[in-house]
Number of protein chains: 2
Amino acid sequence: MRYSKIPSETIRRLPGYLRALIFLDEKSREYVSSKVFSEYVHVKSPQIRKDFSYFGAFGTKGVGYKVTTLIEQIRGILKLKEVQKAALIGAGKLGTAISLYDGFKTYGFEIAAIFDISNDKIGTRIGEIVVEDPWKIATLCERNIRVAILAVPAESAQETADKLVGAGINGILNLSPCYLAVPKRVKVITIDIAMELGVLPYYS
Amino acid sequence: MRYSKIPSETIRRLPGYLRALIFLDEKSREYVSSKVFSEYVHVKSPQIRKDFSYFGAFGTKGVGYKVTTLIEQIRGILKLKEVQKAALIGAGKLGTAISLYDGFKTYGFEIAAIFDISNDKIGTRIGEIVVEDPWKIATLCERNIRVAILAVPAESAQETADKLVGAGINGILNLSPCYLAVPKRVKVITIDIAMELGVLPYYS
DNA sequence: TCGTGTGAAGCACTTCACAGCT
DNA sequence: AGCTGTGAAGTGCTTCACACGA
């Protein structure tokens, strides 16, 4: 039972598991059983055991799983062990809100660069970071930044994505309401808040 | 082949379909085939035909599907035909960014109320809307608001969710990095931007 | 000829149930 | 006694392939 065959659905659940585990760790909880953990992540216990079994057995029968070990395992699989630098493109309302949000630390991310086309913003600071001109996106690779958060208007999203791809980025979190065309080596995750809202009335 | 058995995966894809269809409609495109549509939504064409077949056949063989008919159908299924009023809780950076975002119109949502605990904000306007004191959340039901967007700090998310449930809300879009405990009748969708970012390095 | 609509086949994830360890 | 780890069974979504209509 080895790494390569972890189902993609399992991978999707891992960040949620990690968040809950860090929460438990902060509460100084040492062990957690699949049953108890189930309450925290809203996933059934056999599913949790199955998920954990994909990356090798290390639970203690009769006791549960060691929280810190789990955290290490999941960080390892998601490649979150070292701090990952991320770039933010777009320092509008949404971009600013995101850059000031400290939840990224949980997953080992650090916003290391911010870009915006507006001359008013270039050179100013948001938190600790100086806003740069978008032509400098090309320097991301040499600065060791491989992940970008795209918070620009839909009209310029594709164009900006192209720049990011050219700069050697390999992951984009797209917050614009549109699909992006990118080469296969680049992973895109799109979050459109309005769109997510769209399924709510169905379930009412 | 009737409504109740539409797979939940299909439902999840509908808002994305709707967004693309509205885009096509704005470009005055009258018909679209599953193959062409596939390019727009990044879903394979047999899947698209299958999805559409769940809500009854109405494509034209050799031609494709009529864009406006599809829009009507999907709006009908997702219960988005009438304008849905939504409340926004939390007028911080993120809340403000959301309230000024006009993408909600696409899905027939209208932010109709904003709440915040801060005395500095209560009574001020964000766009057209006056920020209200959170104790007024209880009036949401009588104001015909059934959906809420929760943009408050994680610490107060559960507490606020409880208030919303008490006010008769039946859908919550939770932007805080935590799970919410709610009765089964209430549908919660959680979006944690940092968490979504967490899977990107895995695919690099 | 082109594209829909759909039963049937295929596939992947989930759930079960229980042996085995502590 | 309690909980893990896992083959096997179950489930539901996706893909196929082709008849049929325009």
Side-chain angles (χ1 to χ4, degrees), chain A residues 1-17 20-21 24 29-74 77 199 202-203, chain B residues 1-17 20-21 24 29-74 77 199 202-203:
Chain A
M1 195 75 65
R2 216 50 268 157
Y3 267 36
S4 60
K5 49 187 321 216
I6 301 180
S8 63
E9 293 299 314
T10 298
I11 295 294
R12 259 199 236 169
R13 284 188 290 267
L14 294 188
Y17 289 174
L21 287 164
L24 288 167
R29 174 142 197 163
E30 205 172 348
Y31 285 87
V32 67
S33 72
S34 57
K35 201 175 166 193
V36 170
F37 196 53
S38 167
E39 311 269 312
Y40 283 85
V41 294
H42 294 190
V43 172
K44 284 164 194 155
S45 60
Q47 181 71 75
I48 290 169
R49 289 203 300 281
K50 195 69 160 181
D51 284 344
F52 289 173
S53 80
Y54 288 122
F55 34 101
F58 52 89
T60 311
K61 304 192 181 195
V63 180
Y65 301 88
K66 193 169 187 195
V67 173
T68 51
T69 310
L70 270 175
I71 291 175
E72 284 309 294
Q73 285 279 347
I74 295 177
I77 291 161
V199 300
Y202 176 82
Y203 292 100
Chain B
M1 196 75 65
R2 216 50 270 157
Y3 267 39
S4 60
K5 51 195 302 229
I6 300 179
S8 63
E9 293 299 314
T10 297
I11 295 292
R12 261 200 234 168
R13 284 187 290 267
L14 295 187
Y17 288 174
L21 288 163
L24 288 166
R29 176 144 195 163
E30 205 171 346
Y31 285 88
V32 68
S33 71
S34 57
K35 203 175 163 193
V36 170
F37 196 54
S38 166
E39 311 268 314
Y40 283 84
V41 293
H42 294 190
V43 172
K44 283 164 193 155
S45 59
Q47 182 70 75
I48 290 169
R49 291 203 299 281
K50 194 71 160 181
D51 285 343
F52 290 173
S53 80
Y54 288 122
F55 34 99
F58 51 90
T60 311
K61 305 194 180 193
V63 179
Y65 301 87
K66 193 169 185 192
V67 173
T68 52
T69 309
L70 270 176
I71 291 174
E72 284 311 294
Q73 284 278 349
I74 295 176
I77 290 161
V199 299
Y202 177 81
Y203 292 101

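Below, chains carry the letters A, B, ... as their sequence lines are ordered, and counting in each starts from 1.
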Roughly how far, to the nearest 0.5 Å, is [atom2] of [Y] from [atom1] of [X]?
{"X": "B/Ile48", "Y": "B/Lys35", "atom1": "CD1", "atom2": "NZ", "value": "12.0 Å"}
{"X": "B/Leu70", "Y": "B/Leu14", "atom1": "CG", "atom2": "CG", "value": "10.0 Å"}
{"X": "A/Lys66", "Y": "A/Ile71", "atom1": "NZ", "atom2": "CD1", "value": "11.0 Å"}
{"X": "A/Tyr202", "Y": "B/Ile11", "atom1": "OH", "atom2": "CD1", "value": "3.5 Å"}

What are the two closest non-hydrogen atoms of [X] and [Y], and how far apart are they?
{"X": "A/Phe58", "Y": "A/Phe52", "result": "CE2-O, 4.3 Å"}
{"X": "B/Val41", "Y": "B/Gly16", "result": "CG1-O, 4.0 Å"}
{"X": "A/Tyr203", "Y": "B/Ser8", "result": "OH-CB, 4.3 Å"}

| field | Sorted by number, the residues of residues 29-39 of chain B with heavy-atom contact under 4.0 Å to DNA chain C | value | B/Ser33, B/Ser34
| request: Let me have a per-nucleotide readout for nucleotides 12-22 of chain C, 5' to 3', with B, S or -, counting only protein heavy atoms under 4.0 Å. | output: -SBB-B--BBS
| task | Using the salt bridge (Lys or Arg N to Asp or Glu O under 4.0 Å) rule, collect all pairs that involve residues 42-57 of chain A, keeping only residues at least two apart or in two chains. | result | A/Arg13-A/Asp51
| query | Counting any heavy atom closer than 4.0 Å, what does B/Tyr65 reach on the DNA or RNA strands: base, sugar-phosphate only, or nothing? | reply | sugar-phosphate
